[in-house]
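Being a predicted model, the structure only gives us computed values, none of them experimental.
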Amino acid sequence: MRIVETGVEQARICGRDAEGRPLIAVRSGDGSGARVERARLAMELTSAEFDRLAADGAEVLVARTAVDQVPLIVGVVRERPRESADGPAEIVLEARERVIVRCGSARIVLSGDGRIELLGQRVSQRARGVHSIKGAAVRIN
């Protein structure tokens with residue numbers, strides 16, 4: 001199959017349809033308004049990244065092919081480069097027996113039986129809200 005670009009236009013990401021596919025708002029040629037269209041992605045975006053762009057109403061570049069004319073999102077329009085890449089919203093580490101996080105002489109050990117050990121030269125805890133300590137017994141020193 002031969003795909004031929006027929007043009008590039010700007011649009012805004014406005015969300016997803018019921019099946020999770022991208023929706024974009026494309027300005028009409030006469031400037032009278034915008035129509036919402038379902039689009040496809042030609043770039044890597046996680047669901048979280050896409051949702052963040054949709055919440056911001058980000059502008060994207062859209063190409064249409066001569067084959068089906070379905071808008072294809074090919075890039076995000078930005079005023080300047082991002083300072084740094086966003087990290088993941090969550091990281092899950094899983095093990096049957098033990099997970100150890102170590103940096104220098106500091107260590108956090110999560111055991112499969114539910115024990116958590118925090119080892120370090122100095123341990124600080126801070127809370128902007130309530131800092132609660134709950135347990136069947138609480139032993140300090």
Any Pro22 side-chain heavy atom under 4.5 Å of Ile13 side chain: no

Val62 vs Ile24 side-chain heavy atoms within contact, under 4.5 Å: yes

Nearest heavy-atom pair of [X] and [Y]: which atoms, and what distance?
{"X": "Ala25", "Y": "Cys14", "answer": "N-SG, 3.8 Å"}
{"X": "Leu45", "Y": "Phe50", "answer": "CD1-CD1, 4.0 Å"}
{"X": "Glu44", "Y": "Glu49", "answer": "O-OE1, 4.3 Å"}
{"X": "Glu90", "Y": "Val92", "answer": "OE2-CG2, 3.4 Å"}

Same apolar cluster: [X] and [Y], side chain cutoff 4.5 Å:
{"X": "Ile116", "Y": "Leu93", "result": "yes"}
{"X": "Val101", "Y": "Val123", "result": "yes"}
{"X": "Ile133", "Y": "Ile108", "result": "no"}
{"X": "Leu72", "Y": "Val36", "result": "no"}
{"X": "Val8", "Y": "Val26", "result": "no"}

Set of residues satisfying side chain to side chain contact (heavy atoms under 4.5 Å, CB included) with respect to Arg80, sequence neighbours excluded: none

Approximate separation, where rounding is to 0.5 Å, of Leu110 CG and Glu94 CD: 11.5 Å

Inter-residue atom distance Leu53.CG - Ile73.CD1, 0.5 Å rounding: 9.0 Å

Contact list for residues 10-23, test salt bridge (charged side-chain N to carboxylate O under 4.0 Å, His left out), sequence neighbours left out: Arg12-Glu59, Arg16-Asp51, Asp17-Arg21, Asp17-Arg38, Glu19-Arg21

Selection residues 112-141 - residue pairs positive for salt bridge (charged side-chain N to carboxylate O under 4.0 Å, His left out), sequence neighbours left out: Asp113-Arg115, Arg115-Glu117

Charged N-O contact under 4.0 Å between Arg64 and Glu9: yes

